[in-house]
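Notes to accompany the following structure.
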Amino acid sequence: MKKITLFLVFIGMMALQSCEVTEVYDDVDNGPRNEVFEVTTSFNSNNNYSRLVVFDPPIYSSDSVLVYHLYDIVNGQDVWKLMPQTYYFNDGGALDFNFDYSRFNVNIYLSANFNLNTLPASWTQDQTFRIVVIPDGFAKTINKNNIDSVMSALKVDGSGIKKINL
């Protein structure tokens, strides 16, 4: 009886050790798996100067997230700045556009060394962001400071950008 019990315990241990959770990437064209979202939103005291963008479905735990702020348009060309980004004002004020993320969402928020209620609407209303989800290993090989380099490396053009309405 002891030998049978020992044998069953051994089989049970082997079965438990074989359980493994593996995230599988759909690699259709041998390129990196990526997603690019664009969201235009406004910040105010009602939303605590933050906006939550939910990933549906969640991203992989090994993915990285980059967020770019559309800072300006010069001669018809978008000027994107990689976040976090700090903007300094002549009166000594500093405004931060920042974000944090998990597998389930990205939170874009404003913070400052002054009362955010005093910000002009040009800094809080209709702000556009690009959220780029890329495989972590791939993130180490590209120039993240330039959104055009990132989009080119990921082989994403304007048609591959998913618009999100909040």
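These numbers come from a predicted model, not from an experiment. Just the heavy atoms: all of them, side chains too, but no hydrogens, waters or symmetry mates, feed the values below.
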When you look at Y49 and N117, which way does the side chain to side chain donor-acceptor pair (under 3.5 Å) test go after all the steps?
CA-CA 9 Å; Y49 294 93; N117 290 330; 2.6 Å; yes

Could you pull out all residues at least two apart from Y71 that satisfy ring-ring contact (aromatic ring centres under 6.0 Å, His included)?
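Checked Y71 against ring-ring contact (aromatic ring centres under 6.0 Å, His included); matches are Y87.
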
Whether [X] side chain and [Y] backbone form a donor-acceptor pair below 3.5 Å:
{"X": "E38", "Y": "K162", "result": "no"}
{"X": "Q85", "Y": "L82", "result": "yes"}
{"X": "Q77", "Y": "N75", "result": "no"}

Go through V132 and V65 one step at a time and tell me if the side-chain contact (heavy atoms from CB on, under 4.5 Å) criterion holds.
CA-CA 6 Å; V132 182; V65 173; over 6 Å; no

Could you tell me which non-hydrogen atom of [X] sits nearest to which non-hydrogen atom of [Y], and how far apart they are?
{"X": "R51", "Y": "N107", "answer": "O-OD1, 3.2 Å"}
{"X": "N47", "Y": "N44", "answer": "OD1-O, 2.7 Å"}
{"X": "T41", "Y": "F129", "answer": "CG2-CE1, 4.1 Å"}
{"X": "V156", "Y": "V36", "answer": "CG1-CG2, 4.0 Å"}
{"X": "L116", "Y": "A112", "answer": "CD2-CB, 3.6 Å"}
{"X": "F55", "Y": "S102", "answer": "CE1-O, 3.7 Å"}

What is the distance from atom [atom1] of [X] to atom [atom2] of [Y], rounded to the nearest 0.5 Å?
{"X": "M83", "Y": "L66", "atom1": "CE", "atom2": "CG", "result": "11.0 Å"}
{"X": "L52", "Y": "N105", "atom1": "CG", "atom2": "CG", "result": "4.0 Å"}
{"X": "L110", "Y": "T124", "atom1": "CG", "atom2": "OG1", "result": "7.5 Å"}
{"X": "N115", "Y": "S45", "atom1": "CG", "atom2": "OG", "result": "9.0 Å"}
{"X": "I131", "Y": "Y68", "atom1": "CD1", "atom2": "OH", "result": "12.5 Å"}
{"X": "L70", "Y": "K81", "atom1": "CG", "atom2": "NZ", "result": "11.0 Å"}

If you group Ile, Leu, Val, Met, Phe, Trp and Tyr by side-chain heavy-atom gaps below 4.5 Å, do [X] and [Y] land in one group?
{"X": "V39", "Y": "V79", "answer": "yes"}
{"X": "Y109", "Y": "V54", "answer": "no"}
{"X": "F104", "Y": "Y60", "answer": "no"}

List the atom pairs, donor and acceptor, that lie under 3.5 Å between side-chain atoms in residues 89-101 and the rest of the protein, sequence neighbours left out.
unit_1, atom_1, unit_2, atom_2, d
D91, OD1, G93, N, 2.9
D96, OD1, T86, OG1, 2.4

Between D126 and S42, is a side-chain contact (heavy atoms from CB on, under 4.5 Å) present by the stated rule, with each step listed?
CA-CA 5 Å; D126 299 320; S42 296; 3.9 Å; yes

Start with the C-alpha gap between V133 and F37, add the side-chain angles, then the distance that decides, and say whether side-chain contact (heavy atoms from CB on, under 4.5 Å) holds.
CA-CA 8 Å; V133 179; F37 304 98; 4.1 Å; yes

Between R103 and D63, is a side-chain contact (heavy atoms from CB on, under 4.5 Å) present by the stated rule, with each step listed?
CA-CA 8 Å; R103 290 188 56 229; D63 288 342; over 6 Å; no

So V150 and L154, do their side chains get closer than 4.5 Å, heavy atoms only?
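A side-chain contact exists here, since the closest heavy-atom pair is under 4.5 Å.
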
